[in-house]
Trainee: 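The structure under discussion is supplied below as structure tokens; questions concerning it will follow.
None of these values were measured; they are calculated from a predicted model. First listed ligand is number 1; within each ligand, the first listed atom is number 1.
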Amino acid sequence: MALLVQKFGGTSVGSIERIEAVAERVIQTRQLGHKVVVVLSAMSGETNRLLGLAKQIDEVPTPRELDVLLTAGEQVSIALLAMALNKRGFNAVSMTADQVTIRTDNAFNNANIISIDTDKLESQLDQGKIVVVAGFQGRDSDNNITTLGRGGSDTTAVAVAGALKADECQIFTDVDGVYTTDPRIVPAALRLPEIHFDHMQTMAACGAKVLQLQSVEYAQMHQVPLRVLSSFEDGEGTLVTFNTQYSSQVVGIAVQRSQALIEIAQSMDALQQQLELFGLRFWMVANTAQSAQIVVAIDDLPRLRLVFDNKMRHISDVATLSMVGDNVMTVTDAVTTALNNTNIQVHHNKQITDCVSLLIDETDHQVAMETIHRDFVNSQEILGNPSLLAVS
Ligand code: ADP
Ligand code: ASP
Ligand code: MG
């Protein structure tokens, strides 16, 4: 008998029919004799709907109150799934983060899990119940409700799996694994049977939202076995692992869309301090003594406007395209040339050990991804087992 944590994302619980299908899948696992903890997201679109309500009141809502609001979505889905399981004769209980005792720091909207008390979870499992836990939420030391950042249910699942020493944390989603790039943008993308933790971490940090970055970091640090699977069809999915037989120059391409290139009339030192105080992710692309050009998420612009107001200029909408792989730096020039040949301008690039990021116009992202995927991912020899990835 194994102990499995199974997480289902928004699309997988997006309607009553889908919740019923999740119930059937969980029951299959239970009938194989395994103990199951399920972690759920809110039904698809629900968190955005709640966020939209908040923004009708205040473009920059009070962070504490936003977390009270947003956690409502997961409370709906866990109750519905527990009902669907009970109706089928399986004893299930839903639990909020407070009921489980998932403690976080007090960074509202982007909190980090500090500890998970396993007593209550274990006691429910020992009674033979399927436990359905609300993802994305926690409580800080003052008992305030917190959330773990967008996509945070992945992190709840991995942290619960780590705390319970589960045999595997299975992330069920609307694609059947981790691909060489987002298969919704590049249909020629290939599913990776395995991906190294380091590469998965870099892909997630660069925008591959199939796993939230913190969930990968947590799994890597606590050695939680992690697999990405489809909610809709059977398959092996992708194992995120420390040992992989697959190696290639460019493992994958991640894209970060909805970014803005902005200029702020302020010296870099002062600006950097303020941005770090906000906990805001940014890419510095140029600076002079009087001003700096940075790339930030479009969603962060209202907060920045509150502080910088008329010192700030929105230059253009951009996307960041990141190639991930051990020897990826060796192809930077060739990639830039290939993009220039398709009339795509690379405004800036930055390189870290296993990643090269290119700044391009938002409108170019799809052609750029298709070009790089065709010329630099799909065409390379994948060492270990070339047939599995069907490379040409
Ligand atoms: P969930 O609601 O299940 O958490 P997400 O929307 O957060 O699902 O993540 C799944 C989505 O991630 C896919 O639909 C796909 O568009 C996107 N994605 C981005 N990069 C990748 C990648 N490299 N492999 C697979 N999916 C990816
Ligand atoms: N419901 C939250 C979100 O939409 C958390 C999650 O889906 O993982 O970001
Ligand atoms: Mg997600």
Side-chain angles (χ1 to χ4, degrees), residues 6-14 18 22 38-52 66-67 69-78 97 109-111 113 133-138 146-160 170-195 199-216 227-232 235 237-238 240 250-257 299 319-325 365-366 369 372-373 377:
Q6 301 192 319
K7 178 259 172 178
F8 295 86
T11 321
S12 314
V13 294
R18 290 204 164 158
V22 168
V38 183
V39 174
L40 293 189
S41 296
M43 295 169 79
S44 56
E46 184 58 11
T47 309
N48 283 344
R49 188 186 72 84
L50 295 170
L51 193 57
L66 188 59
D67 281 353
L69 179 72
L70 295 191
T71 47
E74 273 69 14
Q75 201 157 320
V76 171
S77 55
I78 56 167
N109 310 166
N110 211 8
I113 295 180
V133 176
F136 179 54
Q137 53 179 257
T146 54
T147 63
L148 310 179
R150 297 308 303 267
S153 301
D154 296 338
T155 302
T156 306
V158 169
V160 166
Q170 304 178 329
I171 305 288
F172 287 90
T173 183
D174 56 7
V175 286
D176 64 347
V178 179
Y179 278 67
T180 44
T181 191
D182 188 338
R184 298 193 189 285
I185 303 177
V186 181
L190 302 165
R191 183 178 60 84
L192 298 163
E194 293 175 353
I195 184 168
H199 293 145
M200 189 64 242
Q201 197 173 318
T202 310
M203 292 274 285
C206 294
K209 70 168 185 160
V210 63
L211 287 173
Q212 196 203 31
L213 172 61
Q214 290 86 330
S215 73
V216 185
R227 190 181 288 278
V228 178
L229 296 150
S230 164
S231 302
F232 308 118
T238 299
V240 188
V250 187
V251 172
I253 309 164
V255 65
Q256 197 101 54
R257 296 185 57 198
D299 281 349
T320 314
L321 215 142
S322 302
M323 295 173 295
V324 178
H365 81 273
Q366 181 160 10
M369 287 169 77
I372 302 177
H373 196 273
V377 180

Trainee: Considering only residues two or more places apart or on different chains, which pairs with a residue in residues 172-183 satisfy salt bridge (Lys or Arg N to Asp or Glu O under 4.0 Å)?
Mentor: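 Sorted result for residues 172-183: D174-R184.
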Trainee: Please tell me if the side chains of L70 and F136 come closer than 4.5 Å, counting only heavy atoms from C-beta onward.
Mentor: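 Touching, per the 4.5 Å side-chain cut-off.
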Trainee: With a 4.5 Å cut-off on side-chain heavy atoms, are V228 and L211 touching?
Mentor: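 Result yes, sub-4.5 Å side-chain heavy-atom pair found.
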Trainee: Go through the side-chain N and O atoms of T147 and D67 and say whether any donor and acceptor fall under 3.5 Å apart.
Mentor: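 Side chains of T147 and D67: pair found under 3.5 Å.
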Trainee: Just by distance, no angles: are the side chains of R150 and N48 close enough, under 3.5 Å, to form a donor-acceptor pair?
Mentor: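 Result is yes, a qualifying pair exists.
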Trainee: Taking any residue with a non-hydrogen atom under 4.0 angstrom from an atom of ligand 1, which ones do you get?
Mentor: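 Under the 4.0 Å cut-off, ligand 1 touches K7, G9, G10, T173, D174, V175, G177, V178, Y179, T181, D182, P183, R184, M203, A208, K209, V210.
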Trainee: Starting at CE of M369, measure out to OG1 of T180 and round the result to the nearest 0.5 Å.
Mentor: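 If we round to the nearest 0.5 Å, M369:CE and T180:OG1 are 9.5 Å apart.
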Trainee: State, without any angle test, whether Q214 and T155 hold a side-chain donor-acceptor pair at a distance under 3.5 Å.
Mentor: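 Judged by distance alone, the side chains do not pair up.
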Trainee: Taking side-chain contact (heavy atoms from CB on, under 4.5 Å) as the test, write out the residues that go with R18, two or more places apart.
Mentor: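 Expected list: T11, S15, F232.
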Trainee: Strictly distance-based, threshold 3.5 Å: is any side-chain N or O of T238 a donor or acceptor partner for the main-chain N or O of L192?
Mentor: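 Side chain of T238 to backbone of L192: a pair is present.
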Trainee: So which protein residues pack against ligand 2 under 4.0 Å, heavy atoms counted?
Mentor: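 Residues near ligand 2: S41, A42, T47, E74, F136, R150, G151, G152, S153.
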